[in-house]
Amino acid sequence: KKYGKYWPSKDMKKNAWITNPSIYKKADKNPVEFWGNLAKEGIAWESEWQKTYEEKLPYFKWFKGGELNFCVNALDRHLDSPNKPALIWVPEPTHEKPIILTYGELYQKVNKFANVLKGLGVKKGDAVSIYLPMVPEALIAMLACTRIGAIHSVVFSAFAPDALNARIQDCDARVLITADGYYRRGEKENLLKKAKKAVKGTKIKKVIVVSRLHKKKAYFGKYERFDYIMIGKSAYCPPEIMNSEDPMFILYTSGTTGKPKGVVHDTGGYAVQAY
C-alpha cells in the first residue's frame with residue numbers, strides 16, 4: 001500500500017506469449033517465416049521488405065529493403081488512446097510520488113527533445129551518449145534519437161568516468177545526456193561529477209543534465225538542464241524514415257578484458273524482436 005503496485009490485467013496474463021511454450025516450436029520449425037509473420041503482424045512499415053533474411057558471414061540482415069521508424073511504432077500508432085498510461089515510474093526515495101506519463105504526454109516530450117537534438121546539429125547516423133539512471137528522461141532521450149535517426153549509446157550510470165570516456169570517444173558522440181545525480185539504496189550518487197570528468201578530451205559540445213537532486217540549480221553554456229532546454233520547442237518532429245538495416249543503438253561490452261566493443265543493433269530486426 002505504501003509504494004503502490006501495478007499488476008497486469010487478467011487478459012494480459014492469459015495472452016502473455018511467455019506462458020505458451022508452443023511459440024518456441026513454431027520459431028524452431030521455420031525461423032525466417034516465423035519472424036517474417038511477426039513483422040507483418042506487429043510492426044508499422046513505411047515500405048515492406050524484399051527479403052526477410054540474408055546471411056553472409058559475418059553479417060546477418062533482417063527485412064532487407066524495408067523502411068520504418070522505431071519511434072513511430074512505439075508512440076505514434078498508439079495516439080488513438082492518448083490518455084492510456086505509456087510509462088509508470090516509481091522513484092527512489094519512496095516519499096516521492098510515482099510519475100505516470102500517458103502516450104499523449106510522452107509523445108509530446110519525445111518530439112520536443114527530438115527537436116532539441118536537431119537544434120544541436122544532431123542528424124541521422126550521428127551518435128548520442130546517454131549516461132542516466134533509470135528515470136523517465138532516459139526513455140524520452142532514446143526515443144527522441146530514434147525519431148531523428150540518431151544512434152543512441154546508453155552507458156550504465158554506475159560505470160566510472162574512464163569507462164564513459166572510452167565509449168564517448170569510440171562512437172564519436174558530440175552530445176551527452178546525463179543527470180546531476182540519483183538515489184541508490186537511500187544514498188545520493190553524484191553523477192554529474194563523473195560526467196564532467198568523463199567528457200574531458202572528447203568532442204562533446206553539449207551536456208544536457210536531468211535535474212534530480214538539485215531541482216533549483218541552473219546550468220549555463222556547455223551544460224543545460226533537460227527540462228529547460230525543451231522550453232519553446234515544437235511538440236512535433238517529423239520522423240526520419242530508416243532502412244531496416246540502419247543502426248539504431250550501440251551497446252558496449254563491459255570492457256573487463258580489454259577495450260569495450262560496441263555491438264550495433266539495427267532498426268527493423270530489433271523492432272520485431274522487441275514486439
Side-chain angles (χ1 to χ4, degrees), residues 39 42-51 54 59-79 86-87 103 106-132 136-155 167-178 202-208 224 226 229-230 233-252 262-275:
I43 299 297
W45 297 84
E46 290 294 322
S47 59
E48 198 168 314
W49 58 93
Q50 286 83 51
K51 194 171 185 180
E54 181 179 279
Y59 301 104
F60 305 87
K61 296 182 178 181
W62 281 96
F63 315 112
K64 192 175 178 181
E67 294 182 320
L68 72 163
N69 181 277
F70 189 89
C71 183
V72 169
N73 276 273
L75 293 179
D76 299 48
R77 65 180 182 155
H78 299 293
L79 290 178
L87 180 150
Y103 276 101
L106 186 58
Y107 174 83
Q108 287 198 358
K109 290 178 181 293
V110 167
N111 276 266
K112 285 187 175 185
F113 198 69
N115 283 320
V116 165
L117 294 175
K118 288 180 74 172
L120 295 174
V122 178
K123 59 187 184 300
K124 178 180 178 180
D126 289 344
V128 174
S129 290
I130 300 175
Y131 186 52
L132 285 172
E137 289 84 357
L139 184 62
I140 292 167
M142 287 186 277
L143 286 174
C145 287
T146 66
R147 193 161 191 88
I148 64 173
I151 302 166
H152 57 278
S153 169
V154 175
V155 180
R167 288 159 176 78
I168 289 173
Q169 297 210 59
D170 186 74
C171 69
D172 200 30
R174 309 300 169 95
V175 174
L176 171 66
I177 305 161
T178 188
T202 70
K203 296 179 181 178
I204 293 292
K205 302 296 182 185
K206 180 68 71 176
V207 180
I208 302 172
E224 288 196 54
F226 192 99
I229 202 170
M230 287 201 291
K233 294 296 185 290
S234 171
Y236 177 71
C237 177
E240 186 75 31
I241 304 305
M242 309 293 289
N243 291 322
S244 177
E245 283 296 304
D246 281 338
M248 187 168 75
F249 67 96
I250 305 173
L251 198 58
Y252 283 88
V263 179
V264 179
H265 292 264
D266 293 340
T267 306
Y270 185 82
V272 176
Q273 184 208 30
Y275 168 70

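Predicted, not measured: the structure shown is a model, and the values here were computed from it.
Taken to the nearest 0.5 Å, the OG1 atom of Thr178 stands 11.5 Å off from the CD atom of Glu137. Considering OG of Ser47 and CZ of Phe63, their distance stands at 13.5 Å, rounded to 0.5 Å. Within the model, atoms CD of Glu224 and CD1 of Ile177 stand 12.5 Å from one another, a figure rounded to the nearest 0.5 Å. Atoms CD and NZ, on Glu240 and Lys124 in that order, are 5.0 Å from each other to the nearest 0.5 Å. The distance from the CD1 atom of Ile130 to the CZ atom of Phe249 is 11.0 Å, given to the nearest 0.5 Å. Distance check, rounded to the nearest 0.5 Å: CG of Leu251 to NE2 of His152 gives 9.0 Å.
In Lys233, the NZ atom is crowded: over 12 heavy atoms of neighbouring residues, nucleotides or ligands sit closer than 6.0 Å. By the 6.0 Å contact criterion, NZ on Lys205 is open, its count of non-hydrogen atoms from other residues, nucleotides or ligands being 12 or less.
What you find for Cys171 and Ser153 is that their closest heavy atoms are SG-CB, 4.3 Å. Contact record, Leu75 with Tyr103: CD2-CD2, 4.0 Å, taken as the closest heavy-atom pair. Of all heavy-atom pairs spanning Leu68 and Ser244, the tightest one is CD2-CA, 4.0 Å. Closest approach of Ser234 and Asn115 over heavy atoms only: O-ND2, 3.0 Å. Here the closest non-hydrogen pair linking Val272 and Ala39 is CG2-CB, 3.6 Å. A pairwise comparison of heavy atoms in Gly262 and Ile250 identifies CA-CG2, 3.6 Å as the closest pair.
Tyr252 pairs in a side chain to side chain contact (heavy atoms under 4.5 Å, CB included) with only one of the listed residues (Val155, Asp170, Val154), which is Asp170.
In this structure a side-chain-to-backbone donor-acceptor pair under 3.5 Å is missing from Arg147 to Val110. The backbone N or O of Thr146 sits less than 3.5 Å from a side-chain atom of Asn69, completing a donor-acceptor pair. Judged purely by atom type and a 3.5 angstrom limit, Ser129 has no side-chain atom pairing as donor or acceptor with the backbone of Leu176. When atom types are taken as modelled, the side chain of Glu245 and the backbone of Trp62 share a donor-acceptor pair closer than 3.5 angstrom.
In this structure, Phe70 and Tyr270 have tilted ring planes: the angle between them lies in the 30° to 60° band.
Residues Arg174 and Val122 are not in side-chain contact: their nearest non-hydrogen atoms beyond the backbone lie 4.5 Å or more apart. Side-chain contact between Ile140 and Leu106 is present, with at least one heavy-atom pair separated by less than 4.5 Å.
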Could you walk me through whether Tyr275 and Asn73 pass side-chain contact (heavy atoms from CB on, under 4.5 Å), step by step? CA-CA 10 Å; Tyr275 168 70; Asn73 276 273; over 6 Å; no

